[in-house]
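In what follows, residues are counted from 1 in the order of the sequence shown. For ligands, and for the atoms within them, numbers begin at 1 and follow the listed sequence.
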Amino acid sequence: MNVEPRLNDIISALRGAAHRVTAAKRAVASVLVERSDHSTADEITRAVQRLRPEVSPSTVYRILEEFETLQLVVHAHVGHGATVYHLAGTVHGHLVCTNCGSTIEIPARHFDLLSGDLMKTYGFTLDRHHVAIAGLCADCAGDAATR
Ligand SMILES: [Zn+2]
Ligand SMILES: [Zn+2]
Ligand SMILES: [Zn+2]
């Protein structure tokens, strides 16, 4: 899948997999479609509760896991912070600044060379998205250099 699923795609994927379509799932799906950025489960829960105050955080977690099983959603770990989620579809990598915590989304092609080398040498398949690469962003690196 190269295109991010939209709300209707998510609903039909649920139906196709014979999963129940609940109001809570609709709410989580529409929040994910609306938020194109990387969101923590807490952020998603807060947005869902604006639509459906009765949906509990644990329900949101369960739904996110279900969506991941159906490959509608992917998660990544950026820095020491919480896991972030977004719709599946675009393959990219993440850089995270260990000083200010900002994250930068980068095209997956930056990993092509490394990915090819790791495969050739170790037979290892790189997952470009799952874990962020840590370092210093340009601003923080600049500050460190002038200190
Ligand atoms: Zn993970
Ligand atoms: Zn920084
Ligand atoms: Zn991502």
Q: To the nearest 10 degrees, could you say what angle the Zn ion (ligand 3) makes with NE2 of His94 and NE2 of His38?
A: 80°
(Q) I need the NE2(His129)-the Zn ion (ligand 3)-NE2(His92) angle, rounded to 10 degrees. (A) 100°
Q.
Filter on ring-ring contact (aromatic ring centres under 6.0 Å, His included), then keep only pairs touching residues 107-126, sequence neighbours left out; what's left?
A. none
Q.
Rounding to 10°, state the angle centred on the Zn ion (ligand 2) that links SG in Cys97 with SG in Cys100.
A. 110°
Q | His130/His75 aromatic ring centres below 6.0 Å | A | yes
Q. Which atoms of the protein, restricted to N, O or S, are nearer than 2.8 Å to the Zn ion (ligand 1)?
A. His75 NE2, His77 NE2, His130 NE2
Q: If the plane angle is over 60° it's perpendicular, under 30° parallel, otherwise tilted; pick one for His38 and His129.
A: parallel
**Q.** From OH (Tyr61) to CG (Asp42), nearest 0.5 Å
**A.** 5.5 Å
Q: To the nearest 0.5 angstrom, please state how far the CD1 atom of Ile104 sits from the OG atom of Ser102.
A: 5.5 Å
Q | Angle, SG of Cys137 through the Zn ion (ligand 2) to SG of Cys140 - 10° precision | A | 100°
Q.
Using side-chain heavy atoms (C-beta onward) and a distance below 4.5 Å, is Val55 in contact with Val60?
A. yes
Q) In Å and rounded to the nearest 0.5 Å, what is the CZ to CD distance from Arg20 to Glu66? A) 9.5 Å
Q) Do you know the tightest heavy-atom contact between Val74 and Leu87? A) CG2-O, 4.2 Å
